[in-house]
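Inspection log for the structure reproduced underneath, given as structure tokens.
Keep in mind the model is a prediction, meaning the values are calculated, not measured. In this chain, residues are counted from 1 in sequence order.
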Amino acid sequence: MNKESPSRTIVIITALFAALCGLYLLGGGIWLASLGGSLYYIITGVLMLAVSWLLFRRSAAALWLYALVLIGSMIWAVWEVGFDFWALTPRCDVLVFFGIWLLLPFVYRGILRRLPLARAALAASLVIAGAVLLVAIVQDPQDISGTLNNAADVPAASSVPPGDWPAYGRTQAGERYSPLRQINDKNVDKLKVAWQFRTGDMKGPNDPTEITDEVTPIKIRDTLYLCSPHQILFALDAATGKEKWKFDPQLKPDPTFQHVTCRGVSYHEMPAASAAQDGQSPAQDCPRRIILPVNNGHLYALNADTGARCDSFADKGDLNLQANMPVTTAGEYEPTSPPVVTDKVIIVAGAVTDNYSDHEPSGVIRGFDVATGALLWAFDPGNAEPNAIPADGKNYVANSPNSWAPAAYDPQLDIVYLPIGVATPDIWGGNRTPEMERFASGILALNATTGKLVWFYQTVHHDLWDMDVPAQPTLVDITNQQGEKVPAIYAPAKTGNIFVLDRRTGTPIVPAPERPVPQGAAKGDHVSPTQPFSDLTFRPKKDLTGADMWGATMFDQLVCRVMFHKLRYEGIFTPPSEQGTLVFPGNLGMFEWGGVAVDPHRQVMIANPMALPFVSRLIPRSASNPIQPEKGKSSSSGSEAGLQPQYGVPYGVTLEAFLSPFGLPCKQPAWGYIAGVDLKTHTIAWKHRIGTVRDSSPLPLPFKMGMPMLGGPIATAGNLLFITATADNYIRAFDVTSGKPLWQDRLPAGGQSTPMTYEVNGKQYVVTAAGGHGSFGTKLGDYIIAYALPDEK
């Protein structure tokens, strides 16, 4: 009697737990069913209450019934999501652990009539559940296994020395490809840290949340040039990482800045003949110069050898980009990406604060004399005459669509290709003029010398989702099905589409037909009836459903399913609403500023798409959400998430990732992939999850779920791709042919940047910035790390 008393108590407690589970599932299931969701939770809730009642009665029938619950749940789970381990886990983890608990001796002893068959039935159901999970863990239905071709064309002659990386994408074509092969797929596992440099530039008390270290260094001859988040420019010895010089522009941000970041710098070298004309060349003081954009709306030209300001350029090396801007508040216009530099022109664009107001700086694109800094031309996308330069006392058009990501340049065609965003405010467009829509959300091709329009291709019509073109386009000559060489441009978009155009004309090479999209805009706005959908895409093949919702357990998964059904969602391009709209692909996009990498000789592309839904909710004007800010009070959010004021239009808006109450994504993994694309057929040859939850979960568990990313890949002739962008702190190398992982190393901070590689003194290095990303939630730091193969003894 005394021996059974503790077991009896445990059975009663177990019954109470089953009752609580049943009540939760029944109540939540009724709510979900009323919204049109699955009936599973109601059924399981009722059965769990029955299990609880039988446990209170200390009946072995509880084990029989629970075995049926577990088997039925596994059948339902596989029917909903197939053999996808991470999708199955929240559907069965609590159920499996509870089943194991019921079989423990100190629980089973509390049952009055112990029927061996009941225990055996429950054990068998657990074995079946384990077998299902075992089958799921050794496969991945989201994975695409294949190979890319190994055949390479004879490399064309290049003006870029093979050991250098003189531009953001190595070339201004944005290839992110290096012909170096000292480090290759046979020896990459031997990579070690060669040197480490710390900038000392960390988040300060007046910095916004969105402080990020996104730099890709450039390398010319024996020197590496890079900028830190506050645009401090460093010149490092490429072999040792030792500092040669630095330049601090003394940026003074405050919490209202939406960004504090620097993706990189640009380089220009005057032709020897020009530099030799003593006393006649305005570039005599700086024959080799670094061009540094700064977030306060200035641009510096600096001597690449000494770091001194180039006196002959603008105002002693300082070009004020705020000239003729309708708004000159520091931080509202930010050139965060390195400009394109031709033999004659520096082409500068910049970011403006998203979703702040209907009166913000212009997104004007300008060309300045590379030697003197004099304004040569302007292209203002919101102006009826975009090449018009304002007269004295006049300004560029406020809120013109801007270009914040790096641009690409074709010197043979003398065309610069700019990824263009949308006129802000982004999430409501009822007040936009035809001029504001004409060159928004697309690829803009301009003559680099004159600024005249060559062509424009719009990737999103009347953009209400901030689905701008977020990355540097990549220029590559491809061989078409007829064996002809075609000069192409590849433009990855937030929608997951990759638009492939003839870069001479903007004509699609890969079809991108217009397709109907959901209608029903907010009051005062409208929606385009169709949108272009490229045939080369990483868009999900189907719209999200309740079955795609996720959680750590069935309990928070149920909450996510309820949240999903309460939102407006009719697929991609569902209009913003007061109800709250699920935006998928999310505002972060399937592609971001990291772009893609292309091996032009093998004609293959490496991409790193992600899949994380967001929620936008339009907030009508009220006393707590006024149409204009209070006098003398700055209301800029200093972030791209949370409440965005959208002053001057009828709605503010909240933007958030679609997360559960526990802070986990409500969409099931994967959230990030690495993929290989054959450019001869424009098909995805392989695609694999990338990244673990080690730095995102309470426990440092190395579960490979596929993580969101900020940053891009690079490729090399050594059949390697390198990437550091994932939300865990790693640099990784993969086999380009198959996508097989070959090497990784732990970083001391978040690697939300794009790496690069170069050679100096006969040794190849791979370099990456590890400085983290404030709003992305990764660990902040100030590291520049170089890897190389050990010296042979």
Side-chain angles (χ1 to χ4, degrees), residues 142-153 169-170 173-178 185 408 443 459 469-481 485-503 508-512 532-541 585 589-592 594-611 670 672-690 706 709 711-717 719-723 725 732-741 754:
Q142 298 184 40
D143 190 86
I144 299 174
S145 294
T147 57
L148 291 168
N149 74 80
N150 272 312
D153 292 342
R170 188 171 179 270
E175 294 166 338
R176 276 167 283 281
Y177 166 80
S178 169
D185 53 359
I443 298 294
T459 57
V469 181
Q472 181 183 36
T474 297
L475 314 181
V476 60
D477 295 341
I478 61 170
T479 305
N480 65 18
Q481 299 293 338
K485 286 281 187 181
V486 179
I489 178 171
Y490 288 78
K494 284 186 178 180
T495 55
N497 292 305
I498 298 179
F499 291 94
V500 187
L501 313 171
D502 186 316
R503 64 178 184 266
I509 294 170
V510 172
F533 288 80
S534 175
D535 285 357
L536 176 56
T537 186
F538 286 90
R539 284 188 327 272
K541 292 182 178 178
M590 293 200 80
F591 289 104
E592 261 290 337
V596 297
V598 169
D599 181 336
H601 311 304
R602 288 175 64 177
Q603 306 246 309
V604 299
M605 171 193 291
I606 304 301
N608 60 320
M610 55 183 167
Y673 308 87
I674 193 79
V677 180
D678 186 331
L679 298 187
K680 293 181 179 177
T681 61
H682 291 110
T683 56
I684 299 169
W686 55 260
K687 186 177 80 167
H688 312 305
R689 300 179 194 234
I690 179 175
M709 290 167 280
I714 67 168
T716 76
N719 192 37
L720 292 174
L721 73 92
F722 291 93
I723 189 167
R732 294 179 170 93
F734 295 81
D735 181 303
V736 167
T737 301
S738 66
K740 176 185 174 183
T754 302

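- Nearest heavy atoms, G712 versus I723: O-CG1, 3.9 Å.
- The side-chain contact (heavy atoms from CB on, under 4.5 Å) test applied to P741 returns F734, not counting sequence neighbours.
- Partners of A733 according to the side-chain contact (heavy atoms from CB on, under 4.5 Å) rule, which considers only residues two or more places apart in sequence or in another chain, are V188, F722, W743.
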* To do: For the pair D678 and T683, evaluate side-chain hydrogen bond (donor to acceptor under 3.5 Å, both in side chains) and give the outcome as yes or no after the intermediate values.
  => CA-CA 6 Å; D678 186 331; T683 56; 5.1 Å; no
* To do: Determine, step by step, whether I714 and L721 satisfy the side chain to side chain contact (heavy atoms under 4.5 Å, CB included) criterion, reporting the C-alpha distance in whole Å, the side-chain angles of both residues, the deciding distance to 0.1 Å, and the verdict.
  => CA-CA 5 Å; I714 67 168; L721 73 92; over 6 Å; no
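- Inter-residue side-chain proximity for R539 and F533 is flagged as met; some heavy-atom pair is nearer than 4.5 Å.
- Side-chain contact check for L536 versus N497: every heavy-atom pair is 4.5 Å or farther apart.
- Under a 3.5 Å cut-off, the side chain of R176 and the backbone N or O of G174 do form a donor-acceptor pair.
- The two residues T537 and G496 make their nearest non-hydrogen contact at OG1-O, 3.3 Å.
- When all heavy atoms of A715 and A597 are compared, the closest pair comes out as N-CB, 3.9 Å.
- Every residue meeting the side chain to side chain donor-acceptor pair (under 3.5 Å) condition with D143, not counting sequence neighbours, appears here in chain and number order: S145, H688.
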* Full working for side chain to side chain contact (heavy atoms under 4.5 Å, CB included) between M709 and I690 -> CA-CA 9 Å; M709 290 167 280; I690 179 175; 3.9 Å; yes
* Asked: Please walk me through it: do D477 and R503 pass side chain to side chain contact (heavy atoms under 4.5 Å, CB included)?
  -> CA-CA 10 Å; D477 295 341; R503 64 178 184 266; 2.8 Å; yes
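- Annotation: side chain to side chain donor-acceptor pair (under 3.5 Å) contacts of Y177 (sequence neighbours excluded): none.
- Applying the salt bridge (charged side-chain N to carboxylate O under 4.0 Å, His left out) criterion to R732, with sequence neighbours excluded, gives D728.
- Checked options V510, D535, I489; the residue passing with V500 is V510 (criterion: side chain to side chain contact (heavy atoms under 4.5 Å, CB included)).
- Under the side-chain contact (heavy atoms from CB on, under 4.5 Å) criterion, T737 pairs with T147, N150, R602, N719, D735, sequence neighbours left out.
- Taking 4.5 Å as the limit, every side-chain heavy atom of V604 sits out of range of all side-chain heavy atoms of V677.
- With sequence neighbours excluded, no residue forms a salt bridge (charged side-chain N to carboxylate O under 4.0 Å, His left out) with R170.
- In this structure the side chain of L501 never reaches within 4.5 angstrom of the side chain of I509, judged on heavy atoms.
- Using a distance-only test at 3.5 Å, with no hydrogens or angles considered, no donor-acceptor pair links the side chain of Q603 to the main chain of N149.
- Taking CE from M605 and CG from L148, the interatomic distance works out to 11.0 Å, rounded to the nearest 0.5 Å.
- Among residues two or more places apart in sequence or in another chain, the side-chain contact (heavy atoms from CB on, under 4.5 Å) test is passed with T459 by Y457, V469, F499.
- Checked by atom type and distance alone, the side chain of W686 pairs as donor or acceptor with a backbone atom of V736 at under 3.5 Å.
- The shortest side-chain heavy-atom distance between N608 and F538 does not fall under the 4.5 Å cut-off.
- Closest of all the heavy-atom pairs between G706 and R689 is CA-CB, 3.9 Å.
- Here the side chains of T479 and K485 are in contact, with some heavy-atom distance below 4.5 Å.
- Looking at P492 and M590, their side chains never come closer than 4.5 Å, going by heavy atoms from C-beta outward.
- The side chain to side chain donor-acceptor pair (under 3.5 Å) test applied to S178 returns no partner, not counting sequence neighbours.
- At a threshold of 4.5 Å between non-hydrogen side-chain atoms, the residues I674 and I606 count as touching.
- Legend: residues meeting side chain to side chain donor-acceptor pair (under 3.5 Å) with D502, ordered by chain and number and at least two apart, are R504.
- The closest donor-acceptor contact from the side chain of Q142 to the backbone of A670 lies under 3.5 Å.
- Closest approach of P585 to T495, counting heavy atoms only: CG-O, 3.4 Å.
- Listed for the S534 side chain is a donor-acceptor partner under 3.5 Å among the backbone atoms of I498.
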* Asked: Which is it for H682 and I478 under the side chain to side chain contact (heavy atoms under 4.5 Å, CB included) test, yes or no, and what are the steps along the way?
  -> CA-CA 11 Å; H682 291 110; I478 61 170; 3.8 Å; yes
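- Shortest non-hydrogen contact noted between A607 and F591 is CB-CE2, 3.8 Å.
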